[in-house]
Amino acid sequence: MRFITLSFFLAVLTSLSYGQKLTGVVDRTDYRYKNCNRVYKRIVRAIGDGRSAPRLELNSRLNTAARYVPEQHKISLSTKLYEVTQSFGADSTDALAAVVSHELAHFYKDHKLLVDFGFSDVEVLRDMKGISSDSVAFIETEADYFGGFYGYIAGYQTLDILPEVLEKVYDKFELKEKLHGYMPLDKRQELSKQSKEKLDRLIPVFEMGNNMLILGEYEAAADCFAFISRNDFQSREIINNEGVSYALMALEQMPRDEQKYYFPIQFDENSRLLGKKTRGDFGYGQDIEEEVMELLEMAKDKFEEAKKRDPQYYMSYINLACINAILGEYEMADALASRATRIAPSVSVALNALVIQAIAKNEMGETDEAIALLQRAKKGGNGLADINLSVVSGEEFQLPDQGVAKILPVREQVAGIYSEDIEDIDLEDYVEFGFAKNSIHKQMGGSYQDAILLKGTKLFRFVRTDGEYSGKTEKGIALGTHKKKILESYGKPNYAFSSGASTFLRFDQSRIIFEINGNQEVVGWQIYFIN
């Protein structure tokens, strides 16, 4: 009995005994390994699982494209595979991500089969006793599906490229069209296309969840993220996002005449609640309305779940600290915020943690310490620190001029569809993605996508660019434009937050939302309509 090691698009057996040192391993200083590792880490972060990911190696003597070796807790990529991905030119990183995400899926979906077997050729599966072709097909399809989703969440366009990657892998490694114990190329490509069809119905729900949070439609956002979780995609971020939706629903229902503090309950440090205060009459757990209390408890459960999934996930600590403070559990809020400062991946995250820690300390009577913490956060550039410092000091505070009104709005468009014209809708033109109480429709139109969500009697429509869009906004913004140019042209956004690999900037006057990547460059935008 042995473990079968699952290879990328080709399940293969390894004749190497456990613990045997492999030869041909490329040094980690090699640029090829660095490129692979960069993609690898980004997808691992997107999956958001607290388990230790397998180690990654790039091997010049590996005879298969890629291999997940569970008994050695590693994923090996062949240098020949790296050459295959580089042949895709501008799409080479996406091709590499398709491979990496697939192999990681084998680990995270626990694809280990214990079977009797005999073999004489490590290139192909032989004498597959006890394993049906249906079992192999199921495993590969699940890896395509799971890996495809998180490759997309990580910011890579992996969904359409997979069949072509398969074809080039089969050609590069001189694999037979029909392999003993494994499916032929056309069958393997068909399975990848089936996974893509399923993802094409799921990803619009994820995108709409982000859109609903951007617009402050928290109940609809919660529906979206809950739907994704029920479809077996339970990353720490998606669980956290559902919790954020419940938390903001609760905060929105709290009486404004009892508002006091501003909390950093958001997706990440780039978000702000400057337009919405939260109730600040602390110790009020007994008089919060039942519905609000239920929402807060639901949010708390989700943040706890995200923290349990990954004990190093800093945002779950910040959000839990906020919820505990709202519920009057100040010592717990203080401890959670303190923990967040220690594991924060950046200064800006740590500053948000200082803000909630200061709020907790102020409510515990440690006002001097609270002021000192807020002053530190303010010095670091945290916008919430200045507001809460006024609250703690008992001073009046005026919300800062957001700068939006200083720049005149324009009629924005995507592919000739203008923001004021997108209310003309014929639902028969859309493909329906039904879930929960909502109905999402998505329409492809050359270089743009058109999505609709119906929530009761309310309709939301978003028309967005795709990755090949060649046009510009009315103010000259194109794909690849730096964020700085957006701010110069449109002023400060009404709302900004980050999710996964992207940051979103919303400008209400022009009804446009920009998506920015980690390099601060535009990767797309959308115009929206709400009736």
Side-chain angles (χ1 to χ4, degrees), residues 152-153 155 157 159 199-225 227-228 241 245 267 409-469 471-474 477 479 486 490 493-500 502-517 522-531:
Y152 176 85
I153 299 303
Q157 301 300 317
L159 301 182
L199 289 173
D200 281 343
R201 301 182 67 84
L202 183 68
I203 285 176
V205 181
F206 172 79
E207 293 173 339
M208 192 61 74
N210 283 339
N211 287 339
M212 292 299 98
L213 271 175
I214 293 171
L215 295 181
E217 297 289 339
Y218 306 128
E219 183 177 357
D223 284 346
C224 291
F225 294 124
F227 177 82
I228 295 169
N241 293 356
S245 302
F267 279 70
V410 294
R411 296 174 64 245
E412 284 296 348
Q413 55 83 30
V414 170
I417 303 174
Y418 284 85
S419 54
E420 68 266 35
D421 298 332
I422 62 176
E423 56 196 273
D424 298 324
I425 297 170
D426 184 354
L427 293 181
E428 293 184 358
D429 294 336
Y430 295 79
V431 177
E432 183 172 341
F433 301 87
F435 72 100
K437 295 173 288 185
N438 305 319
S439 178
I440 291 179
H441 305 262
K442 187 173 182 181
Q443 175 178 287
M444 298 298 296
S447 58
Y448 72 94
Q449 299 179 24
D450 192 346
I452 291 172
L453 183 142
L454 301 174
K455 180 71 174 174
T457 60
K458 206 168 186 179
L459 182 145
F460 305 87
R461 186 183 182 188
F462 300 85
V463 180
R464 58 175 292 183
T465 63
D466 72 3
E468 303 299 324
Y469 191 73
K472 297 181 179 180
T473 71
E474 296 302 307
I477 305 299
L479 297 182
I486 297 176
Y490 290 86
N494 296 87
Y495 194 69
F497 79 92
S498 294
S499 176
S502 298
T503 297
F504 299 88
L505 307 177
R506 188 189 85 203
F507 298 88
D508 290 347
Q509 288 186 308
S510 296
R511 289 195 289 186
I512 190 169
I513 299 168
F514 290 97
E515 182 178 355
I516 313 296
N517 64 16
V522 176
V523 294
W525 64 88
Q526 55 189 328
I527 55 177
Y528 62 91
F529 167 79
I530 309 171
N531 79 344

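All of these numbers come straight from a predicted model, not from anything done at the bench. Reckoned from all heavy atoms, side chains included, excluding hydrogens, waters and symmetry mates.
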Might you work through the side-chain contact (heavy atoms from CB on, under 4.5 Å) test for I513 and L505, ending with a clear yes or no?
CA-CA 5 Å; I513 299 168; L505 307 177; over 6 Å; no

F460 and N211: side-chain contact (heavy atoms from CB on, under 4.5 Å), yes or no, with the steps?
CA-CA 9 Å; F460 305 87; N211 287 339; over 6 Å; no

Let me see the working for F529 and V463 under side-chain contact (heavy atoms from CB on, under 4.5 Å), right down to the final yes or no.
CA-CA 9 Å; F529 167 79; V463 180; over 6 Å; no

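The two atoms that bring F225 and S245 nearest to each other are CD1-OG, 3.9 Å, heavy atoms only. Taking each heavy atom of A415 and Y448 in turn, the nearest pair found is CB-CD2, 3.4 Å. The two residues L213 and A221 make their nearest non-hydrogen contact at CG-CB, 3.7 Å. When all heavy atoms of T465 and G524 are compared, the closest pair comes out as OG1-CA, 3.3 Å. When every heavy atom of E474 is checked against every heavy atom of E412, the shortest pair comes out as N-OE1, 3.1 Å.
The distance from atom CD1 of I203 to atom CD1 of I153, rounded to the nearest 0.5 Å, is 6.5 Å. L479 contributes atom CG, which lies 10.5 Å from atom CD of E515 (distance to the nearest 0.5 angstrom). To the nearest 0.5 angstrom, M212 atom CE is 11.0 Å from D223 atom CG. Separating the CD1 atom in I228 from the CE atom in M208 is a distance of 11.5 Å, to the nearest 0.5 Å. Put simply, OH on Y152 and CD on Q157 are 6.5 Å apart, with the number rounded to the nearest 0.5 Å. A distance of 4.0 Å separates CD of E219 from NZ of K455, quoted to the nearest 0.5 Å.
With contacts defined as side-chain heavy-atom distances shorter than 4.5 Å, the pair T473/S510 does not qualify. In this structure, the side chains of V414 and Q526 stay at 4.5 Å or more apart for every pair of heavy atoms. Using a 4.5 Å heavy-atom threshold, the side chains of Y418 and I527 count as separate. A heavy-atom distance below 4.5 Å is found between the side chains of D450 and R461.
Side-chain atoms of N517 never come within 3.5 Å of backbone atoms of V523 as a donor-acceptor pair (strictly under, hydrogens ignored).
Aromatic ring orientation, F462 versus Y528: tilted (interplanar angle from 30° to 60°). Ring orientation note: the planes of Y469 and W525 are nearly perpendicular, at an angle over 60° on the 30°/60° scale.
Screening Y490, F504, Y495 for a ring-ring contact (aromatic ring centres under 6.0 Å, His included) involving F514 leaves a single residue, Y490.
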